[in-house]
Amino acid sequence: MPQTPPAPPSDDTNPATAAASTTPAWRRHRGWGTAIALLVVVALVGGSWYLIKRPAAGRGPGGGFGGGGGGGGAPTVTVGSALAQQRQLPVTLDALGTVTPLATVTLKPQVGGVLTEVLYTEGERVKKGQLLARIDPRPYEQALMQAQGTQKRDEAQLQAARVTLQRYKTLLGQDSIARQDVDTQAALVGQLEGTVIADRAAVASAQLNLEFTRITSPIDGRIGLRTVDPGNNVTANASTGIAVVTQINPIDVQFSVPQDRVPEIMRQLRGGAAMAVSALDRTRSDTLDSGRFSTLDNVVDVSTGTVKAKARFDNPQAALFPSQFVNVRMTLRTIDALVVPVTAVRNGPKGPYVFVVGEDKKARMRLIKRGETTVEWVQITDGLKADERVVTEGGDRLDDGTVVALQGDAPPPGGVAANKGATTGEAGGAAARKVSPPNAEQRQRILDSAAGDPEKLAQRKAFLEAIDKGDPQALERWQQMSQRRRRDGGGPP
């Protein structure tokens with residue numbers, strides 16, 4: 001009888017298979033999850049590296065902005081630039097000031113009575129001694145007449161007493177009258193003389209009260225709003241008064257200067273230098289008036305470390321209004337300095353630096369030392385020479401050695417084809433850099449801002465004439481002014 005062959009060994013008898021069958025499913029899939037996570041991290045790192053290092057949108061085949069060169073060339077960036085130049089740089093001090101009138105007078109009645117007339121218009125300019133209002137004078141006219149009558153009566157009595165005294169003296173010389181009578185009469189004359197003096201004072205007081213019924217302006221200035229109407233009864237030295245007169249020509253501006261600047265200001269004052277001060281509006285774009293430094297206070301405010309100062313302005317156009325807040329720009333002195341536009345200077349870990357454009361059209365980072373600063377210019381004391389070209393716009397896209405193209409340069413061959421892929425933002429930026437000459441309204445605004453200073457007015461007229469003639473420096477300065485105003489949100493200058 002044939003024997004049945006033995007059955008093949010079961011998989012459960014295989015140790016490896018048996019061990020795998022006993023391993024949980026989640027542990028078998030954990031290795032795959034770890035591998036997938038590592039792949040995702042590698043993909044993210046690689047993608048980030050690619051986004052950072054890839055050529056920017058809008059570059060040509062050579063990688064250049066605004067029209068790159070042929071393939072394989074170094075990337076170029078279009079930048080704005082300016083030449084470092086030697087010029088007179090004003091050393092200025094900026095502060096916040098308050099317009100303070102030289103005199104503010106509240107017109108208060110000196111006598112009481114009915115206000116019969118108001119002879120001024122609210123807000124008008126008044127002159128010193130101008131009649132502004134009148135109080136009913138009749139009671140004071142009567143009081144004056146009464147005082148004058150009393151004076152005349154007492155003067156007549158004095159005259160009679162003097163005649164009698166003279167007669168007594170004659171009789172005394174003839175030994176016809178007692179000396180006691182003469183002395184008594186002399187005493188009466190002295191008494192009447194005192195009475196007459198008192199009468200004269202009473203007359204003068206009555207005349208003064210009568211003059212007080214005419215309310216006049218004590219200063220030249222601008223009168224405010226009326227607080228009392230005709231027909232009302234006013235009292236002497238009322239707290240409110242009938243109006244306020246403020247002197248506005250000239251007028252002062254009070255501001256504070258840092259205590260570190262006090263020695264320099266005192267040197268200028270001792271040397272007799274007239275330090276110019278300008279009052280600017282809130283946006284610092286228009287000059288309201290130009291004046292001169294007047295004086296410093298005699299003590300330092302320990303809470304702020306500043307000293308109060310005053311500047312005086314003629315204020316012919318009444319552009320400065322009492323208690324108005326203005327921006328003060330004080331010129332301490334003027335120095336001959338090597339300067340670059342403010343936008344050319346940047347700050348780095350090693351200090352301030354600029355990008356210098358060489359003849360090879362490469363921007364090189366160079367550390368500098370800066371000195372005095374104005375709104376438009378920065379003094380360079382070390383690290384730069386005159387007529388070197390520095391980058392003023394587009395520096396945030398530069399590295400040391402980046403190839404640049406200057407605004408206004410002709411595009412290289414193939415630039416049109418290379419720029420077909422440029423972004424809309426880059427094209428909009430190139431269009432924004434084209435600045436048209438100032439129009440009639442802008443010209444008038446430039447001239448009006450220097451109306452109070454003949455010297456500045458002449459300089460601005462010369463500046464506009466230079467623009468009309470196509471002077472490169474004037475056009476470059478106008479372009480910088482326009483771009484700065486757009487960046488600050490103020491629109492065209």
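For Arg87, there are no salt bridge (Lys or Arg N to Asp or Glu O under 4.0 Å) partners two or more places apart in sequence or in a different chain. Considering only residues two or more places apart in sequence or on other chains, Arg284 meets the side chain to side chain donor-acceptor pair (under 3.5 Å) condition with Asn327. Residues forming a salt bridge (Lys or Arg N to Asp or Glu O under 4.0 Å) with Arg134 (at least two apart in sequence, or on another chain): Glu117. Scanning for salt bridge (Lys or Arg N to Asp or Glu O under 4.0 Å) contacts around Arg261 gives Glu264, with sequence neighbours left out. For Ala337, the side-chain contact (heavy atoms from CB on, under 4.5 Å) partners two or more places apart in sequence, or in a different chain, are Leu89, Ile335, Val339, Gln379. Evaluation of the salt bridge (Lys or Arg N to Asp or Glu O under 4.0 Å) rule for Asp229 yields Arg226 as partners, not counting sequence neighbours. Shown here are the side-chain contact (heavy atoms from CB on, under 4.5 Å) partners of Asp387, two or more places apart in sequence or in another chain: there are none. Residues forming a side-chain contact (heavy atoms from CB on, under 4.5 Å) with Ala386 (at least two apart in sequence, or on another chain): Leu338. Under the rule for a side-chain contact (heavy atoms from CB on, under 4.5 Å), the partners of Lys369 that lie at least two apart in sequence or sit in another chain are Thr381, Asp382.
Among residue pairs with one or both ends in residues 334-386, those qualifying as ring pair (Phe, Tyr, Trp, His ring centres under 6.0 Å) are Tyr353-Phe355; sequence neighbours excluded. Counting only residues at least two apart or on different chains, the side chain to side chain donor-acceptor pair (under 3.5 Å) pairs with a member in residues 312-322 are Asp252-Arg312. Residue pairs satisfying the ring pair (Phe, Tyr, Trp, His ring centres under 6.0 Å) criterion with at least one member in residues 292-329, sequence neighbours excluded, are absent.
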